[in-house]
Amino acid sequence: MDLSFLAYDTLTAAQALLGKYIYTEQDGAVTGGYITEVEAYLGEHDKAAHAYQLRRTKKNEMMYRDFGTIYVYTMHGHHCMNFITKDTAHPEGVLIRGIEPVTGIDTMIKRRGRENHLTDGPGKLTQSLGIKREHYNGTRLNDDGVCIREGRTPRVITASKRIGIDNKEEAVDYLYRFTVKGNPHVSKDKVVVEENNGWQ
DNA sequence: GTCAGGATTACCT
DNA sequence: GGTAATCCTGACT
């Protein structure tokens, strides 16, 4: 699919990613699902972003690549995946925090070692999809690793505060987290599940 | 070499 | 609601 929507405004791109079908294939096993939860990180002026004030380290180097680059970092032993937006002068990106499992659920269960909560968190979905920093950081979307396709359309998108950044001053109040309203495959929230999981 | 901190998760009450 | 587990990264000595 055409990825040019990632080149424009990051907040718009984040919402456009909801519903996209994301998948990986490893050893003949395809795992994938529909994106249900994302967060935008706006680089230079966003205190919660790894690239705040254009901070640049070996770890966040991939944020300074062009749109469509995949940035994977580890924390507490988990891997988290971002899609980079815009251009090399704007280190911005979208953190994928939740997907609705669709394909290869048996493989996800094997990788996760449990039968539920397979993909309702940034570290959980990378584990279910087999995404590790050493193999995927700096690769490009739809280029043989992580791929996205058109998927479903959210009926309503909810904007909320981002998760896990509670010492970042004013940045904690930005409504840069977007979820599919009524979809249960998201982190933290107690969701009232809606018809069709919130899809049109 | 040492040390503090984190865009998390799982399990507890 | 809270907290321990756990480990990588960056900064500093």
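What you see is a predicted model; the values in this text were computed from it and never measured.
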Where the side chain of [X] is defined as all heavy atoms beyond and including C-beta, which of [options] is the nearest nucleotide?
| X | options | value |
| --- | --- | --- |
| A:T74 | C:dC8, B:dT9, B:dA7 | C:dC8 |
| A:K124 | C:dA11, B:dT9, B:dT8 | B:dT9 |
| A:T57 | C:dG10, C:dC8, B:dT8 | C:dG10 |

**Prompt:** Can a salt bridge be assigned to the pair A:K47 and A:E169 using a cut-off of 4.0 Å between side-chain N and carboxylate O?
**Reply:** yes
For [X], which contact category applies under a 4.0 Å heavy-atom criterion: base, sugar-phosphate, or nothing?
| X | answer |
| --- | --- |
| A:I165 | sugar-phosphate |
| A:N167 | sugar-phosphate |
| A:R114 | sugar-phosphate |
| A:H117 | nothing |
| A:K47 | nothing |
| A:R177 | nothing |

**Message:** Strictly by Watson-Crick or wobble contacts shorter than 3.5 Å, is anything paired with B:dA7, and which nucleotide is it?
**Reply:** none
**Any-strand Watson-Crick or G-U partner of C:dT6, both distances under 3.5 Å** = none
**Request:** Can you establish whether the number of heavy atoms outside A:Q200 located under 6.0 Å from its atom CD is more than 12?
**Result:** yes
**Request:** Please say whether more than 12 non-hydrogen atoms of neighbouring residues, nucleotides or ligands are located less than 6.0 Å from CD in A:E134.
**Result:** yes
**Prompt:** Stacking between A:Y73 and the base of B:dA7 (centre distance under 5.5 Å, interplanar angle under 30°)?
**Reply:** no
**Asked** Does the side chain of A:R112 get closer than 4.0 angstrom to OP1 or OP2 of B:dA10 through an N or O atom?
**Response** yes
**Prompt:** Closest nucleotide of DNA chain B for A:H76 versus for A:D120: which of these residues is on the 5' side?
**Reply:** A:H76
**Item:** NZ-CZ distance between A:K20 and A:R149, expressed to the nearest 0.5 angstrom
**Value:** 12.0 Å
**Asked** To the nearest Å, how far apart are A:L125 CG and B:dT8 P?
**Response** 12 Å
